[in-house]
Undergrad: 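So that we are looking at the same thing, I have put the structure below in structure tokens.
All heavy atoms count here, side chains included; hydrogens, waters and symmetry mates do not.
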Amino acid sequence: MDALKAEIAQKRKALDIPIPEGARPTKYMRRGELERLREEQERKEREEREAKLREEREREEREREERRREKAAARASSSRRSTKSPFPEVNTPSGSPAPDSSTSFNISNEETIRRLRAKGQPIRLFGESDKERRLRLRALELIEEKDLERHGGQNDFKKALEDVENVERQMKDRQVQDDAGRDKGKKKDTESSLVSEILDLELVKTDPDKLYPIIYYALKRALKEWEQWMDDRPEHVKRTTQGKLAAATQRQSAEYLKPLFKLLRARNLPPDMLARIAEIVHYMQKRQYQKANDSYLRLSIGNAPWPIGVTMVGIHERSAREKISADQVAHVLNDEVSRKYIQSLKRILTFAQTKYPPEDVTQLMG
């Protein structure tokens with residue numbers, strides 16, 4: 001009997017059963033007391049687990065906050081520190097890793113060489129791979145974009161408007177002197193000024209080098225006539241909002257055409273672009289603006305088929321596979337500089353059609 005009592009007391013001590021003072025130790029335990037003891041034990045374990053989880057969560061939040069502060073301090077210090085590296089650092093929000101530039105900026109080696117030469121940069125540095133060369137080109141373009149944003153390049157139309165107003169104020173002082181000379185010049189410069197030397201399209205195949213000066217002077221002449229036509233407008237037309245916008249468009253187009261003139265002087269245009277621009281100038285001089293517009297569309301958006309889906313599904317090529325060629329690429333999608341001067345060519349076409357309308361109405365652009 002004593003052994004049984006000792007066993008019961010040991011089990012009670014193991015279960016931490018509180019024995020109230022003054023109460024006699026009982027030989028048996030009720031089922032409700034066992035359930036209550038079990039519930040209390042489970043509640044204590046649950047509270048301990050919740051406390052541990054709360055502590056871990058608070059520790060993780062503190063570590064995350066410390067990492068965020070360290071990144072902010074490093075970003076601030078790197079922005080204050082001037083670096084000489086040609087590769088700008090790209091800070092992505094929420095601490096996500098930056099995308100790989102080699103996948104997002106994937107162009108051919110020929111296009112990379114062309115853009116580097118246009119910027120006056122060496123086409124390859126010592127020990128430089130193709131991927132590193134593309135990254136260097138991308139870094140140079142990003143630096144140019146940041147410089148444009150810093151100098152207000154994103155709002156160049158507003159800058160053109162301000163330039164127009166400044167030029168108008170300067171032109172008022174010498175307007176009287178220029179009127180006499182302009183009247184004499186009008187008698188000498190007849191409508192043949194735009195067609196003084198009609199471009200021969202046979203030179204595209206025989207001697208492409210002769211095309212560069214012809215295209216250069218034809219576009220320069222058209223741009224000069226456009227500027228003179230803007231100056232010859234009445235004063236009340238110049239002061240209107242539409243008149244100021246038209247003058248700003250002309251000045252903006254002249255600014256956008258500078259890279260094209262630079263390529264023409266250096267004789268460094270791609271052959272397909274040279275052929276399309278030669279067609280535009282030729283048809284513009286002959287006042288066939290519909291054909292000139294077709295050449296502009298082939299230059300800007302191209303006429304190559306855009307394959308949708310898989311083009312090589314077996315060992316044999318598809319019948320229209322050879323039509324997907326590189327000489328029909330859309331050059332307006334190459335870069336921002338090409339888009340700007342190609343768009344300015346369209347504006348010169350519109351001006352030429354306004355000043356020199358064709359004899360045949362079917363040759364008008366839509």
Side-chain angles (χ1 to χ4, degrees), residues 86 105 107-123 133-134 136-160 163-164 199 204 208-227 247-281 284 292 295-302 327 329-352:
F105 191 68
I107 58 176
S108 62
N109 292 331
E110 291 79 7
E111 180 66 19
T112 306
I113 293 173
R114 187 186 70 82
R115 293 195 194 180
L116 286 172
R117 282 178 174 165
K119 297 179 186 299
Q121 297 290 332
I123 62 173
R133 181 169 60 180
R134 286 194 297 268
R136 179 162 61 91
L137 173 63
R138 182 58 177 164
L140 290 171
E141 291 181 350
L142 287 174
I143 291 172
E144 289 180 358
E145 290 176 5
K146 287 185 178 179
D147 291 340
L148 285 176
E149 291 176 2
R150 191 180 300 113
H151 293 92
Q154 295 298 322
N155 202 359
D156 50 358
F157 196 76
K158 182 179 179 181
K159 183 177 180 298
D163 293 342
V164 167
L199 187 145
V204 177
D209 288 339
K210 289 185 178 180
L211 289 174
Y212 288 102
I214 298 175
I215 295 173
Y216 179 84
Y217 289 113
L219 293 178
K220 279 284 188 180
R221 195 160 43 243
L223 202 59
K224 188 67 177 176
E225 287 186 9
W226 190 6
E227 183 180 359
T249 303
Q250 187 273 332
R251 188 166 294 274
Q252 187 186 44
S253 302
E255 191 71 24
Y256 285 172
L257 282 170
K258 287 182 179 179
L260 178 60
F261 290 145
K262 184 178 179 181
L263 291 174
L264 289 172
R265 286 195 301 268
R267 301 174 185 263
N268 197 19
L269 269 178
D272 50 345
M273 291 187 69
L274 179 64
R276 299 287 87 77
I277 295 176
E279 290 177 1
I280 291 173
V281 173
M284 181 180 67
S295 299
Y296 162 74
L297 291 177
R298 286 198 299 272
L299 174 65
S300 58
I301 62 176
D327 59 344
V329 70
H331 293 283
V332 77
L333 303 177
N334 279 349
D335 54 348
E336 192 69 12
V337 178
S338 301
R339 182 193 67 80
K340 286 179 179 179
Y341 65 68
I342 289 174
Q343 184 183 10
S344 301
L345 286 177
K346 173 66 173 178
R347 291 175 178 176
I348 289 180
L349 271 180
T350 306
F351 159 72

Undergrad: Could you list the residues that satisfy side-chain contact (heavy atoms from CB on, under 4.5 Å) with P208, not counting sequence neighbours?
TA: L274

Undergrad: Less than 3.5 Å apart, any donor N or O on the side chain of R347 or S253 sitting next to an acceptor on the other?
TA: yes

Undergrad: I'd like to know whether NZ of K119 has more than 12 heavy-atom contacts from other residues, nucleotides or ligands below 6.0 angstrom.
TA: yes

Undergrad: Just to verify, what does E255 make a side-chain contact (heavy atoms from CB on, under 4.5 Å) with, not counting sequence neighbours?
TA: K258

Undergrad: Within the side chain of R267, is there an N or O that forms a donor-acceptor pair under 3.5 Å with the backbone of D209?
TA: yes

Undergrad: Measure across P122 and R136 and return the closest heavy-atom pair with its distance rounded to 0.1 Å.
TA: O-NH2, 3.0 Å

Undergrad: If you measure from OH on Y341 to CD1 on I277, what distance do you get to the nearest 0.5 Å?
TA: 6.0 Å

Undergrad: When you look at L257 and L223, which way does the side-chain contact (heavy atoms from CB on, under 4.5 Å) test go after all the steps?
TA: CA-CA 9 Å; L257 282 170; L223 202 59; 4.1 Å; yes

Undergrad: Walk me through it: do L345 and L299 pass the test side-chain contact (heavy atoms from CB on, under 4.5 Å)?
TA: CA-CA 10 Å; L345 286 177; L299 174 65; 4.2 Å; yes

Undergrad: Taking salt bridge (Lys or Arg N to Asp or Glu O under 4.0 Å) as the test, write out the residues that go with K262, two or more places apart.
TA: none

Undergrad: Using salt bridge (Lys or Arg N to Asp or Glu O under 4.0 Å) as the criterion, list what pairs up with K220, not counting sequence neighbours.
TA: none

Undergrad: For the residue pair R134 and T112, what are the closest heavy atoms and their distance?
TA: CG-OG1, 3.8 Å

Undergrad: If you round to the nearest 0.5 Å, how far is NZ of K224 from OH of Y217?
TA: 15.0 Å

Undergrad: Distance check, rounded to the nearest 0.5 Å: L116 atom CG versus E141 atom CD?
TA: 8.5 Å

Undergrad: Say you draw a straight line from CD of Q121 to CZ of R133; how long is it, rounded to the nearest 0.5 Å?
TA: 13.0 Å

Undergrad: Mind checking side-chain hydrogen bond (donor to acceptor under 3.5 Å, both in side chains) for E279 and listing every partner two or more places apart, or none if nothing turns up?
TA: R276, S295, R298

Undergrad: Out of curiosity, Y216 OH to L260 CG, how far, rounded to the nearest 0.5 Å?
TA: 10.0 Å

Undergrad: Using 0.5 Å steps for rounding, measure from the CD1 atom of I215 to the CG atom of L263.
TA: 11.5 Å

Undergrad: For K210, what residues pass the side-chain contact (heavy atoms from CB on, under 4.5 Å) criterion, not counting sequence neighbours?
TA: L203, D207

Undergrad: Once you measure the plane-to-plane angle for F351 and W226, does it fall in the parallel (<30°), tilted (30-60°) or perpendicular (>60°) bin?
TA: parallel

Undergrad: Please find the pair of heavy atoms, one from I280 and one from A292, that lie closest to each other, and give the distance.
TA: CG1-O, 3.8 Å

Undergrad: Passes side-chain contact (heavy atoms from CB on, under 4.5 Å), L140 versus R115? Steps please.
TA: CA-CA 10 Å; L140 290 171; R115 293 195 194 180; over 6 Å; no

Undergrad: Please confirm whether the backbone N or O of I123 pairs with a side-chain atom of R117, one donor and one acceptor, at under 3.5 Å?
TA: no

